[in-house]
Amino acid sequence: MKHLGVAFMMATAVGASAETVVTWSTLGNSVTADGKPVYTQRFTINSDKNFARLAFNQFETDKQPVDASDSIIEIVPSYYAIKSPKFADAKGKTVVVDIVTSGTFSNICFAPDGVHLVNNDGTTSPVEMKWDNIIESPEMYSNGNFNRMPYGDALFLLNEQRNRGEQLGAYDIIPSFKEVSLTDGAPTDASACEVTIVETENPQPDWMQITVEGGRITAKTNNKALARTRINNLLSRGGMLPAAVITDYPDFGYRGLMIDIARNYQSPEEMERILQLMSRYGFNVLHFHIADDEAWRLEIPGLPELTDVGGRRGYTLDGKDFLPQIYSGDGNPATTGNSSNGYFTRTDFINLLKKADELGIRVIPEIESPGHARAAIVAMENRLRNTGDDTYRLMDPDDKSVYSSAQDYHDNVMNLAMPGPMLFMTKVGEEIKRMYSDAGVELPAIHIGGDEVAMGAWKGSPIAQAYMADHGITNERDLHLIYVRDIVKAYDKLGIPVSGWQEIAVGHDEEFNNEVRPYIYSVNCWSTLGGESSVPAQSATAGYPTVLSNVDRFYMDLVYNFHPQERGLTWGGAVDEFKSLGGYPKELCQVDENSFKNVIGLSGQLFSETVRSPQMLESYLLPKMLGLAERAWNMDTTYTEPRFNAAVNREMPVWNREGYNFHVGLPGITVRDGYIIMNAPYPDVEIRYTLDGSEPTAESPLYTDPIRYYGQDVRARAFLPQYGKHSLTTIYLPK
């Protein structure tokens with residue numbers, strides 16, 4: 001959601017009983033006779049069994065086998081199966097299948113994932129998957145003028161600008177304090193001090209004054225939980241704190257992260273770890289994306305099909321009892337412990353709400369509607385088949401509409417002319433509210449989605465067309481707006497405010513705005529590319545409580561950089577911690593002061609198409625979320641990039657101690673006066689290099705001094721041996 005397509009990330013899925021090894025490689029980019037870019041991908045299969053098909057997930061593209069005897073079918077968008085007569089006699093042999101694929105292979109996200117066998121009896125078997133090197137030559141990831149690899153020279157300049165050996169003070173934390181005044185008192189040992197927090201009134205929301213002196217820290221505040229978080233952050237690195245008086249408060253009341261567990265699942269345990277991270281850096285809203293086209297991840301009493309069907313994915317040609325595999329998996333809907341299958345039980349969710357509340361974090365669950373609803377639609381069809389109950393049916397069985405959603409689905413929109421969608425959303429809302437009540441936590445809002453409804457979604461539905469004719473509706477957009485009006489009022493009767501994406505607030509007349517706006521808790525405005533850069537301004541000017549969720553600044557799932565091996569999507573550009581740090585709210589939403597008051601905060605989004613594990617999730621957030629944390633707390637300029645880089649570097653020991661994974665930046669390489677010079681993205685980094693084009697390892701030579709350049713194929717990696725981390729490989733390509 002919120003992007004132009006679905007992409008996939010490399011992940012090794014090795015079954016304990018895997019008897020087949022599949023090696024994938026790209027044979028390089030090229031162009032067809034009519035100038036269209038293509039690349040050829042090769043599957044090399046070594047198996048000790050015969051089988052019927054090789055299934056896999058991959059970015060939605062046109063695929064044509066090179067061998068005319070081979071064929072490929074699309075099960076659902078982005079899930080494919082190869083058929084070949086060679087598979088019937090594959091036992092003990094090496095079988096090769098080459099597939100010409102449209103587009104340019106530029107990023108590991110375009111490699112296959114979720115590869116598994118389909119046996120002759122229709123069952124599935126896991127495989128051991130291997131991916132060959134994709135950066136042996138530029139032809140593997142570039143196509144003519146298309147080459148976004150961050151080569152050594154550009155990285156050298158970046159590191160030169162950012163890693164300047166800045167010396168930080170004891171009170172340089174992220175997000176930074178509003179004001180620190182040093183006093184003449186005795187210093188305090190951060191590892192052994194007494195902390196007292198006293199509640200007091202102040203007209204400034206989340207205000208605190210922290211006094212540090214003589215072994216004691218005393219805080220006066222109107223938000224004790226937040227003050228404790230800020231003090232714990234200050235103390236976490238240890239050391240001596242000079243005597244000081246600190247005045248602090250956030251500029252925005254909404255400081256959010258959206259975590260998507262629908263597309264790829266994260267466990268309750270991992271989500272509690274994410275809450276701890278959020279608390280440390282001053283976030284107070286978890287926008288919890290638990291339902292989408294690809295899965296439904298929350299148990300709803302009375303509707304068991306939502307998780308029985310929508311919480312499981314595997315190899316299926318009819319999708320009746322579980323969803324087709326998307327993104328990753330081994331073809332088996334019963335496999336546990338992977339990112340494909342799983343859901344939060346009611347108890348899991350209640351426990352998460354309690355933990356979030358302890359940390360001062362509100363949880364806003366998102367139930368996508370009316371688009372992005374394929375998992376719910378399929379689940380309710382299963383309910384009808386098995387029980388005969390059509391109360392919550394979400395689709396017209398006679399619908400012949402032809403459409404494609406942003407992620408290339410053709411059957412993912414609820415039919416709003418039927419009673420089912422409103423009954424369904426009301427039922428789900430009632431059950432979610434009961435969970436909050438049982439947790440003893442206030443439900444801030446339910447996010448209804450409301451975005452990316454494909455054009456033509458109801459054009460071929462007799463029910464929808466009849467409804468539109470009866471109500472004088474001349475276009476599908478108005479049918480969608482009726483739904484928004486109805487759902488906000490239905491939820492109001494339940495005492496539930498509504499959040500949504502920008503489509504519920506932008507481009508409507510004042511009659512609609514006046515009718516809907518009073519019920520809206522927050523509107524996420526993400527679309528800031530090209531001609532849509534005014535979207536946040538339109539929302540704020542229309543009076544909606546606007547949350548700046550800008551794709552080109554705050555999307556945590558976008559790549560840190562355009563290295564071909566970098567994880568993440570690329571459709572919205574590259575976003576790293578510095579890009580987020582530079583997301584100044586008044587630049588992102590240029591409106592008058594009165595309208596800017598409607599900007600209630602900032603949010604980072606982490607959609608999970610490319611996430612396969614807790615470690616991947618954490619590396620997308622760290623350190624990228626720190627730039628967002630700084631801007632959500634302090635809307636104006638605070639840290640320079642070099643000083644911020646030093647502050648990020650100082651957080652790494654904390655992440656390591658608490659077992660979080662994090663991303664490591666690339667080293668730079670340049671040639672000056674005939675010598676190879678390298679530099680690091682942070683202090684205390686080792687650089688290991690090779691001069692023969694091979695990939696550097698921890699055993700490769702350590703860079704210490706300039707090296708004479710004779711035209712060698714120079715490659716380098718940044719290593720943080722104290723944390724067991726390293727970067728991707730930097731390549732020097734002569735200018």
Side-chain angles (χ1 to χ4, degrees), residues 163-200 202 206-250 273 275-284 358-361 622-623 625-626 629-630 633-634 638-640 642-660 662 682-685 720-725:
N163 187 13
R164 296 180 177 177
E166 292 276 339
Q167 297 300 308
L168 299 177
Y171 294 105
D172 287 322
I173 70 170
I174 300 174
S176 56
F177 291 123
K178 280 290 187 298
E179 181 183 344
V180 178
S181 299
L182 298 180
T183 62
D184 295 330
T188 294
D189 185 347
S191 62
C193 64
E194 181 181 341
V195 177
T196 303
I197 302 177
V198 179
E199 192 160 356
T200 187
N202 191 285
D206 299 328
W207 174 89
M208 63 195 78
Q209 186 179 76
I210 303 168
T211 302
V212 183
E213 185 176 5
R216 295 175 58 88
I217 295 179
T218 304
K220 296 185 292 183
T221 180
N222 53 17
N223 187 332
K224 294 179 71 174
L226 187 58
R228 184 167 297 281
T229 293
R230 297 291 275 159
I231 292 170
N232 288 344
N233 189 351
L234 179 62
L235 299 178
S236 64
R237 287 173 295 276
M240 299 301 294
L241 300 173
V245 176
I246 302 165
T247 301
D248 199 26
Y249 55 85
R273 284 172 55 78
L275 287 176
Q276 294 286 356
L277 268 184
M278 291 176 64
S279 174
R280 175 177 178 82
Y281 297 113
F283 291 92
N284 66 347
E358 290 173 8
L359 296 171
I361 296 172
L622 296 173
M625 67 185 286
L626 273 65
E630 182 64 28
W633 195 276
N634 298 294
T638 48
Y639 287 119
T640 62
R643 199 161 185 80
F644 181 72
N645 194 44
V648 169
N649 180 72
R650 198 160 69 171
E651 294 297 302
M652 291 180 182
V654 178
W655 303 336
N656 185 64
R657 185 173 66 242
E658 297 177 1
Y660 288 102
F662 57 92
Y682 325 105
D684 306 321
V685 167
L720 292 167
Q722 65 272 42
Y723 309 134
K725 307 287 184 188

Minimum side-chain heavy-atom gap V685-N163 below 4.5 Å: no
- [ ] For residues L359 and Q276, determine if any side-chain heavy atom of one lies less than 4.5 Å from a side-chain heavy atom of the other.
- [x] yes
Sorted by chain and residue number, the side-chain hydrogen bond (donor to acceptor under 3.5 Å, both in side chains) partners of Q167 (sequence neighbours excluded) come out as none
Check your understanding: Side chains of N202 and Y249: closer than 4.5 Å at any heavy-atom pair?
Key -> no
Across all chains, not counting sequence neighbours, the ring-ring contact (aromatic ring centres under 6.0 Å, His included) partners of Y723 are F662
Taken in chain and number order and not counting sequence neighbours, the residues that satisfy side-chain hydrogen bond (donor to acceptor under 3.5 Å, both in side chains) with K725 are N661
inquiry  = With a 4.5 Å cut-off on side-chain heavy atoms, are Y639 and N645 touching?
reply    = no
For residues 231-245, the salt bridge (charged side-chain N to carboxylate O under 4.0 Å, His left out) pairs (sequence neighbours left out) are R237-E651
On a heavy-atom basis, the closest approach of Q209 and T247 is NE2-OG1, 4.0 Å
Residue pair S236 / R657, side-chain donor-acceptor N/O under 3.5 Å
no
Does any part of the side chain of W207, heavy atoms only, come nearer than 4.5 Å to the side chain of T200, both counted from C-beta? yes
Heavy atoms, side chains only, cut-off 4.5 Å: are L234 and Y171 in contact? yes
Sorted by chain and residue number, the side-chain hydrogen bond (donor to acceptor under 3.5 Å, both in side chains) partners of S279 (sequence neighbours excluded) come out as T229
Residues pairing under salt bridge (charged side-chain N to carboxylate O under 4.0 Å, His left out) where one sits in residues 190-200, two or more places apart or in two chains, turn out to be E194-R216
Requested in this report: Would you indicate whether the side-chain heavy atoms of D189 and M240 approach each other to under 4.5 Å?
Outcome: yes
To the nearest 0.5 Å, atom CZ of R643 lies from atom OG of S176 at 10.5 Å
Quiz prompt | Within-4.5 Å side-chain heavy-atom neighbours: D248 and I210 | solution = no
Can you confirm whether more than 12 heavy atoms, excluding those of R273, are under 6.0 Å from its CZ atom? yes
